[in-house]
Amino acid sequence: MIDYKKIINNQKKYFLTRATYSIDFRINQLRKLKYLIEKNESNICNALMKDLGKCEFESYVSEISFVISELNYIINNLRTWCKDNKVKTPITSLPGKSYIVKEPYGSVLVIGPWNYPFHLIFSPIIGAIAAGNCVVVKPSELSPNISALITNIINKNFNPCYIYSAEGGIEETTSLLSLKWDYIFFTGSVNVGKVVMEAASKNLTPLTLELGGKSPCIVDKDSDLLVSAKRIVWGKFFNTGQTCIAPDYLFIHKDIVKKFIPLLIKYIKNFYGENAINSSHYGRIINDKHFDRLTSYFKDGNIIYGGETSKENLYISPTLIVGTKTNSPLMSEEIFGPILPILQFSNLNEIIYFINNRPKPLALYYFSKNENNISKIIKETSSGSVCINETLSQINTHYLPFGGVGTSGMGKYHGKWSYETFTHHKSVMKRSFLLDLKIKYPPYNLPAKNIRKFIEY
Ligand code: NAD
C-alpha cells in the first residue's frame, strides 16, 4: 500500500511554507483545475458511461457543468470572501479593534461516493483549494473508471505535497482515516459516516458528513398534476434513481391517486420509451450487489409499472410499487435506485407526523398550490433542504447551502459555504496600550453589582 503517512507529512511541510495562503496562488490552482476539467470533458463522459451507463447530457449537466459553474463563481468571489471581517469591539475593550481572519485548516481528506463520482470529489476539492488547504482525495472504488481518471488528472498535474488522489477501497480508506488530518469531508452512506466520525474523533478532527436517507415526496390534491408528475419522474429516474436527494417514496393525496399514477407512467414512457433498456438516456445500476439489493424490494409490494430487469446488463426498469407496508425494507432503507413506492394520504398532519417520526431526510419535496400548506410543511418538518413544486433543483445553485441534518448529515457546502466549510474563522482582538482601567484587576475594590451595567452594556 502507498505510504499515506509520508504524503500527509509532506503536505504538512508544504502547508507550513504558506504557499497556499496566497490568494493569487489559490486562484491560479482553481483556473488550472478548470482548464484540466474542460480538457478532459470527453474522457469524463466516457468514464461515466462505463461506470454508470450515464448518458452525455446527464454527465454534462450533473457532473461537469456543476463543477465548472462552482469554479467560475468561486474564482470571481474569492478575493472578497478572503478579506478580514471587521466587527464591533465591546466598550470594555476600547480602545481596540476586533476582526475575523480567514485561515485554512491545513491538510484535508475528501472521501467520495460512486453515484456522482466526479462532481462529489471535485466540488469539495474546489472549496478546500479556495480556502487555502492541501488535499488528499479518495474517490470511490465502485466507479473505477472515474476513480482512475480523477487520479490521472490530479496526480499528473499537481504536486502531491499539495493535492493527491489516493485510489482504493475500505482498506485504503481505513488507513487514510487513521492519520491526523486537519479536516475530513465525507460523502457517502449513514453507516460509513459513523465509521468516519469515530475515526475523526480519535484526533478530534473537525468534519463534514454529507450522508443520505429517505427523502419524501408529497403530492397534494391542489397541485398541477401534469407538471408535478413530469418533475417527479425526472427527479426520481435521473441517474437511474441513484441520487442522494432523489424522491425516495411518494405520498399522493387519496383524491388524486387514480389520476396521478397514469401521469407518472405517461412521463416514464415519454422520457425513456416503452422499454427503457433501449433508451440511451437511461443508465444502469452500479454493480451486482446493488442490483440484488434493489430487486429484493420487489417483494415488498405490488408492482404496477415496470419491474423488468436484466442482471447481465445491470438494468432495472423505472418501477412503481403500491401496497407496501411502512415497516417493510422498501420503506425503511434508502432505496437509491429506480423504484418508487407510492402511498396515499388524506390529511397533511398525518404526513407531517410520519416524517417527524423517522430520521431527518436529506431533502423533502412538496407539490401544492396552497400557500398555507406549503408554509406548514416548511415550518413543521425538518430536513436538509425543502423543494416546493420541483425536484433536485435546490442543489443546483451557489446561493443555497447543501447538506443534511440529523442522520442525513452535518455541515454544508456549495458556493460561499464551500469556502467557509474549509476555513477556520480566527477571532482577533487588538487592544491599544492606552486606557487600562484599574477596576478589572485584583484586588477588586468595587462590588460586582456596581460594574454590571457597564459590562452588560
Ligand atoms: P459508502 O458510504 O459505501 O462509500 C463512500 C466512501 O466510503 C467510498 O469512497 C468508500 O470507499 C468508503 N468506504 C466504504 N466503506 C467503508 C468503510 N467501512 N470504512 C471506510 N471507508 C469506507 O457510500 P456509497 O455507496 O459510495 O454512496 C451511496 C451513499 O452515499 C448513499 O447513502 C447516498 O445517499 C449517499 N450520498 C450522499 C450525498 C450527499 O451529498 N449527501 C451524495 C451522494 C451520495
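Numbering of residues begins at 1 and proceeds along the displayed sequence. Ligands are counted one by one from 1 in listed order, and the atoms in each one are counted from 1 as well. For clarity, every value in this text was computed on a predicted model and none was experimentally measured.
Sorted by chain and number, the heavy-atom contacts of ligand 1 below 4.0 Å come from Ile111, Gly112, Pro113, Trp114, Asn115, Leu120, Lys138, Ser140, Glu141, Ile170, Thr173, Phe186, Thr187, Gly188, Ser189, Val192, Val195, Glu210, Leu211, Gly212, Cys244, Glu334, Phe336, Leu362, Phe402.
Under the 6.0 Å cut-off for aromatic ring centres, Tyr21 and Phe15 qualify, their centroids lying closer than that.
Figure legend: cation-pi geometry between Arg293 and Phe291 absent, as NZ or CZ is not positioned both under 6.0 Å from the six-membered ring centre and within 45° of its axis.
Residue pairs meeting the side-chain hydrogen bond (donor to acceptor under 3.5 Å, both in side chains) criterion with at least one partner in residues 25-38, sequence neighbours excluded, are Lys34-Asn72. Residue pairs meeting the ring pair (Phe, Tyr, Trp, His ring centres under 6.0 Å) criterion with at least one member in residues 380-410, sequence neighbours excluded, are Tyr73-His398, Tyr73-Tyr399, Phe402-His414. Note on residues 133-155: no pairs pass ring pair (Phe, Tyr, Trp, His ring centres under 6.0 Å), not counting sequence neighbours.
Within 6.0 Å of atom NZ in Lys230, 12 or fewer heavy atoms from other residues, nucleotides or ligands are found, so the atom counts as exposed in its surroundings.
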